[in-house]
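Input: a single structure, listed below in structure tokens.
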Amino acid sequence: MLSKYTIVGMAVGIVISGIGIWALADSLINPVRTVEFDENLEAGNQQTYSFNAPANSEQEIAVVGDSARIALTKPGGPEHGYVFKTNGDLNWKLDDGGRNIVKVQNTGESDLNVSGAFEVEKDPIFFTYHILVITSGVIIMGFSAVSVSYTHLRAHETRHDL
């Protein structure tokens, strides 16, 4: 018969490994995620967005306020500047994947609302994190199984001492 600590340890190990397997499968099936944002910039402030985007991804950003300047650097291209009065929308589709840098500066007298959505590649380091979570669950299950063997061995030794 298994002890309650063994059962709990095995259950925890299975749950942890299951979470790691689910996260790994999700990252392999959906390598691109959409990051949506909506924030305000005070007058004179600047915000920079830097991200890796896959080829054929669509990016969009919108500004609402007195005036704004957006500097956009796409993969393999020079920086392009855009100036907007009151409202402005900027959309682009990437031919080649790579690093995008978007600098938004509030050049007006009041707050500027910046919103948009970027399609970004998931960071490859998360693959390693998922493997580590799966391994941790397996190690927990292993220690739980060892406690079964150790408990069984101790019970067996006790019988011989009688």
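In what follows, every heavy atom counts, from backbone to side chain, and hydrogens, waters and symmetry copies are set aside.
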Of all pairs that satisfy salt bridge (charged side-chain N to carboxylate O under 4.0 Å, His left out), the ones with a partner from residues 95-114, not counting sequence neighbours: none
Between Gln59 and Phe118 the two heavy atoms that sit nearest each other are OE1-CA, 3.0 Å
Are Trp22 and Val15 co-members of a hydrophobic cluster defined by side-chain heavy atoms under 4.5 Å apart? no
Nearest atoms (heavy-atom pairs only) where Ala43 meets Gly108: CB-O, 3.4 Å
Quick one, Gln46 with Asn106, criterion side chain to side chain contact (heavy atoms under 4.5 Å, CB included). Give me CA distance, side-chain angles, the key distance, then yes/no. CA-CA 6 Å; Gln46 178 176 315; Asn106 184 351; over 6 Å; no
Show the numbers, then the answer: is there a side-chain hydrogen bond (donor to acceptor under 3.5 Å, both in side chains) between Ser144 and Thr6? CA-CA 5 Å; Ser144 298; Thr6 301; over 6 Å; no
Heavy atoms from other residues, nucleotides or ligands near CZ of Phe51 exceed 12 (cutoff 6.0 Å): yes
Can you tell me how far the CD atom of Glu36 sits from the CD atom of Glu60, to the nearest 0.5 Å? 8.5 Å
Atom pair CG/CD1 of Leu90 and Ile70 - distance to nearest 0.5 Å: 5.5 Å
Are any non-hydrogen side-chain atoms of Tyr49 and Val35 less than 4.5 angstrom apart? no
Within 6.0 Å of OH in Tyr82, more than 12 heavy atoms from elsewhere: yes
As an exercise, state the distance from CH2 of Trp92 to CD of Glu58, rounded to the nearest 0.5 Å. 11.5 Å
Could you grab the distance from atom NE2 of His130 to atom OG of Ser27, nearest 0.5 Å is fine? 4.0 Å
Please report the shortest heavy-atom distance between Asp38 and Ser115, naming the atom on each side. OD1-CB, 3.9 Å
According to a hydrophobic-cluster definition based on side-chain heavy atoms being under 4.5 Å apart (Ile, Leu, Val, Met, Phe, Trp, Tyr only), do Val138 and Phe143 belong together? no
Are Val64 and Ile61 linked, directly or through other ILVMFWY residues, by side chains that come within less than 4.5 angstrom of each other? no
In this structure, CD1 of Ile131 is separated from CG of Leu24 (nearest 0.5 Å) by 5.0 Å
Of all heavy-atom pairs linking Ser50 and Ile101, the shortest is OG-CG1, 4.0 Å
Answer yes if the side chains of Asn40 and Asn113 hold a donor-acceptor pair under 3.5 Å, and no otherwise. yes
For the pair Met10 and Val12, evaluate side chain to side chain contact (heavy atoms under 4.5 Å, CB included) and give the outcome as yes or no after the intermediate values. CA-CA 6 Å; Met10 295 293 283; Val12 168; over 6 Å; no
List the steps and the verdict of side chain to side chain contact (heavy atoms under 4.5 Å, CB included) for Lys93 and Asn56. CA-CA 6 Å; Lys93 185 172 182 176; Asn56 299 317; 4.2 Å; yes
Pair Tyr129-Val133, side chain to side chain contact (heavy atoms under 4.5 Å, CB included): steps then yes or no: CA-CA 6 Å; Tyr129 293 155; Val133 170; 5.5 Å; no
Residues Leu41 and Val104: closest non-hydrogen pair is CD1-O, 3.7 Å
Given the rule that I, L, V, M, F, W and Y join up when any side-chain heavy atoms are under 4.5 Å apart, are Leu28 and Ile21 in one cluster? yes
Compare all side-chain heavy atoms of Pro75 with those of Asn100 and state whether any distance is below 4.5 angstrom. yes
Within one Ile-Leu-Val-Met-Phe-Trp-Tyr cluster: Ile14 and Leu132, side-chain cutoff 4.5 Å: no
Rounded to the nearest 0.5 Å, what's the gap from CG on Asp66 to OG on Ser110? Could you check? 3.5 Å
For Glu119 and Val32 the tightest heavy-atom approach is CB-CG1, 4.1 Å
Go through the steps for Lys122 and Asp26 under the test salt bridge (charged side-chain N to carboxylate O under 4.0 Å, His left out), then give the verdict. CA-CA 11 Å; Lys122 291 184 179 176; Asp26 180 56; 3.5 Å; yes
Less than 4.5 Å apart, any side-chain heavy atom of Glu121 and any of Pro31? no
